[in-house]
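These notes are about the structure you will find just below.
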Amino acid sequence: MRNTIYTAFFAAALLLTAGCKKGFFDNAPKDLQTIEMVFQNKLEAENWLSGVYNRLPDVWADGNVTGRGLAELSDELELKTPSIIGAGTISSQSGINVYTGYFQAIRLANIFMANINNSKSNLLREPNGEELIRQYTGEARFLRAYYYWMLIRLHGPVVLVGDKIAGVDDDFQLPRNTWAECVKYILDEMEAAKELVPEKHVVPSSGADDLSQTGRITKLIVEAVKSQVLLFDASPLFNGNPDFAEFKNTDGRVLMNLTADPAKWTLAAEAAKTAIDHALANGRKLYAVTNADPFLAAVNSCRGLFMTGWADEGVWIRTNTGYAVWEEDAAPRAANGTKTNAVLSVPQEMVDRYRMLNGRKIDESGSGYVETGFTNTAKANFYVAGTSNMYINREPRFYVNITFNGSTVPFVPKTGVTRVEFWPSGNSGNASGTQSMFSQTGYLVRKNTNVSRNLQSNAGNVVRPAMYIRLAELYLNYAEALNESQPGHPDILTYLNAVRVRGGIPALAAGLSQEAMRAAIQRERCIELAYEGHRFYDIRRWKIATEPEGRQVGEFHGMNVFAGTSLGDVAYYERVRTSTRVWNQRYYFLPLPQSEVQKNRQMVQTIGY
């Protein structure tokens, strides 16, 4: 059985010209073969490497612990049924198990690296065979480190198995490594992989970019992920957190860093700047379009980023993604077609974080925010006359990311429909059509939806990838780390303002305190990176789950979707409780599956579970 495995089907994905095909991120079992047979054959060896890529989650479709799944576990979404964290029911026996799958991927990577140099392989007979082996080894080595990175972000430190491919008779009673050991291992492995992977993937005959290899690991991707790792390692949750004093192995060894090291912020800033400079040198840039109207320029830039702008801004791209399902779940019933599930409801607390067009928070003096009354003026392609004043003059990303009562339909609308209506008898309310398909809060996610798509016929569909990492994230990583290591450094405003201005709000002026700048950066990450898998982790690494800016506990609200009879009925616009959420300190990490702890008596459960 040790020599019998499933190999994966491999077919490269050509973006833009070839549409959505299977690739390294999306494969299926093919055949039962011996390991020796697999690694004698170039195609089968590539199939195996594809299987290592295959365990990477899909940002827009995965319901576990990626963009969508994490949004459901944080304040980005309000679910019909409370999440296991919000309901306080998460435990070692009712948690989210990606642990097993990620360790399976680590094992696949180890087997690959141990066998890719098979002396009988026809890969060595390729003109560039040795170069390919070097590249493939680098990819597998990076991916192994990345799976460890995803594990420790969720669970805290785990067991590091190194290069060993364990057999059935091996001793599996192993303690967790410390957080510091895990981070060092991940960074060292990524740096070693960086020496093996290419600067870019090109067509050998021409030297042009090989689009069929999009998403495969390059030196830039390695640098970008290292920026993430070092930013987390410097953050309060992981860097000198006394709450983890009792998180120990069975021998009493403390697993987390209890003494803060400010120098980690410097390392994080340097890593982010290295990745940024490399990205810019490779032609990456913040995606932006021009328009005589600055508001429309910002809207079109932020909306187009996910349709075509990924080619400018994407640093690490996943070729295949379930954006179509995401769109259907974001669609109110005012959209044409029957696949209008309307399940991606947004809580009022998330809506209120969007600023006004002048860049001020809605509760800030001089913002101009008005919560009563209705506008007499429509804004073409955004909202109709009679819309509540609370949705008027908001920042451009509000209109890109949020569907609200009176807004235009985010897709091709049903015949004769000009607006979204969330009150009970409205075209997307709870008293018409399918009872379960309505917003719980009076808001739906609009981000990464295509206004040209007809959900009935699929006309106007834009085939597109997902971005694991994009340049704006690196800009915000750098600004944050620099604000902590060198407050007042001019680069903080340079890179933060680049994201703000692209988003359509004014640049911040110099002179803010370190604390005020920290708050501005945290708000910017919340808005700019919403629903891309960051908010869940940011709240935790900043340790703000019980503070106003990141509150995950208590009552959450929305509009009164069970009241009102028209767009201007004030009964609808009452803020009502939609859920009451539970928070416990142990939720900063997720539990290991209890079955894994029972198998390994040396491995302690995550603290608090």
Side-chain angles (χ1 to χ4, degrees), residues 12-23 25-26 58-62 66-68 71 209 211-212 214-215 284-291 296-332 334-344 381-382 396-397 399-403 407-414 417 420 444-472 502-503 528-533:
L14 276 171
L15 295 178
L16 300 178
T17 55
C20 191
K21 296 182 180 179
K22 288 186 180 292
F25 296 95
D26 190 8
D58 182 347
V59 176
W60 299 111
D62 193 287
T66 184
R68 178 179 185 144
D209 288 350
L211 294 179
S212 71
T214 298
R284 296 291 166 268
K285 58 185 178 182
L286 291 187
Y287 175 73
V289 298
T290 58
N291 193 290
L296 290 179
V299 166
N300 293 339
S301 296
C302 295
R303 182 177 290 158
L305 169 62
F306 296 93
M307 299 298 112
T308 59
W310 52 265
D312 283 349
E313 191 164 327
V315 172
W316 187 11
I317 292 171
R318 178 191 173 94
T319 51
N320 291 347
T321 176
Y323 68 84
V325 175
W326 173 264
E327 287 186 326
E328 291 162 7
D329 286 351
N336 195 40
T338 57
K339 295 181 178 180
T340 53
N341 299 330
V343 298
L344 299 178
N381 301 317
F382 295 99
R397 285 173 297 189
Y399 302 101
V400 173
N401 292 357
I402 305 295
T403 296
S407 65
T408 52
V409 183
F411 303 96
V412 173
K414 286 184 168 65
V417 172
V420 176
L444 290 172
V445 177
R446 201 179 188 102
K447 189 174 191 176
N448 192 27
T449 60
N450 174 18
V451 69
S452 300
R453 186 183 177 201
N454 188 325
L455 294 173
Q456 181 67 39
S457 65
N458 209 36
N461 180 44
V462 175
V463 176
R464 56 196 188 269
M467 292 178 282
Y468 282 130
I469 301 178
R470 56 189 177 95
L471 190 59
R502 194 268 297 272
E528 175 66 24
L529 302 177
Y531 307 107
E532 297 178 49

**Request:** Could you check Arg464 against Thr308 for side chain to side chain contact (heavy atoms under 4.5 Å, CB included), going step by step and ending with a plain yes or no?
**Result:** CA-CA 7 Å; Arg464 56 196 188 269; Thr308 59; over 6 Å; no
**Asn448 vs Tyr531, side chain to side chain contact (heavy atoms under 4.5 Å, CB included): CA-CA, chis, key distance, verdict** = CA-CA 9 Å; Asn448 192 27; Tyr531 307 107; over 6 Å; no
**Request:** Carefully, step by step, assess Arg303 and Asn450 under the rule side chain to side chain contact (heavy atoms under 4.5 Å, CB included).
**Result:** CA-CA 8 Å; Arg303 182 177 290 158; Asn450 174 18; over 6 Å; no
**Message:** Checking Lys285 against Glu313 for the salt bridge (charged side-chain N to carboxylate O under 4.0 Å, His left out) test, could you report, in this order, the C-alpha distance in whole Å, the side-chain angles of both residues, the deciding distance, and whether it holds?
**Reply:** CA-CA 5 Å; Lys285 58 185 178 182; Glu313 191 164 327; over 6 Å; no
**Request:** With side chain to side chain contact (heavy atoms under 4.5 Å, CB included) as the test, would you mind laying out the steps for Arg318 and Thr214 before giving the verdict?
**Result:** CA-CA 8 Å; Arg318 178 191 173 94; Thr214 298; over 6 Å; no
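Thr340 has its side chain out of reach of Phe411: every pair of non-hydrogen atoms, C-beta onward, lies at least 4.5 Å apart. Contact check for Pro332 versus Pro410: side-chain heavy atoms found under the 4.5 Å cut-off. Considering only heavy atoms from C-beta on, Ser457 comes within 4.5 Å of Asn454 through its side chain. A heavy-atom distance below 4.5 Å is found between the side chains of Phe306 and Trp60. Side-chain contact between Val417 and Val409: present, with at least one pair of heavy atoms (C-beta onward) separated by less than 4.5 Å. Using a 4.5 Å heavy-atom cutoff, the side chains of Asn336 and Leu455 are not in contact.
Here the closest heavy-atom approach between residue Ser452 and residue Val412 is recorded as O-CG2, 3.5 Å. Residue Ser301 comes nearest to Arg502 through the heavy atom pair CB-CD, 4.0 Å, listed as atom of the first residue, atom of the second, then distance. Of all heavy-atom pairs between Cys302 and Gly503, the closest is SG-CA, 4.0 Å. Residue Tyr287 comes nearest to Gly309 through the heavy atom pair CD1-CA, 3.4 Å, listed as atom of the first residue, atom of the second, then distance. Listed here is the closest heavy atom pair of Leu529 and Lys447: C-NZ, 3.7 Å.
In this structure, the side chain to side chain contact (heavy atoms under 4.5 Å, CB included) partners of Ser407, at least two apart in sequence or on a different chain, are Thr403, Phe404, Val420, Arg446. Glu328 pairs by the side chain to side chain donor-acceptor pair (under 3.5 Å) definition with nothing, not counting sequence neighbours. The side chain to side chain donor-acceptor pair (under 3.5 Å) test applied to Asn461 returns Tyr323, not counting sequence neighbours.
Atom NZ of Lys339 has 12 or fewer heavy atoms from other residues, nucleotides or ligands within 6.0 Å.
Between the CG atom of Asn341 and the CG atom of Asp329 there is a distance of 4.5 Å, given to the nearest 0.5 Å. With rounding to the nearest 0.5 Å, the separation of CG in Leu471 from CG in Asp312 is 10.0 Å. Separation of atoms OG1 (Thr321) and CG (Asp58) is listed at 3.5 Å; rounding is to 0.5 Å. Distance check: Asn300 CG to Leu305 CG gives 12.0 Å after rounding to the nearest 0.5 Å.
No hydrogens or angles considered: nothing links the side chains of Asn381 and Thr408 as a donor-acceptor pair under 3.5 Å.
At a threshold of 4.0 Å, the pair Glu532-Arg68 does not count as salt-bridged, since none of the basic side-chain nitrogens sits closer than that to a carboxylate oxygen. Remark: Arg397 engages Glu528 in a salt bridge, criterion side-chain N to carboxylate O under 4.0 Å.
In this pair, Trp316 and Tyr468 present their aromatic rings tilted. The plane angle is within the 30 to 60° band.
No donor-acceptor distance shorter than 3.5 angstrom exists from the side chain of Arg470 to the backbone of Ala472, with no hydrogens or angles considered.
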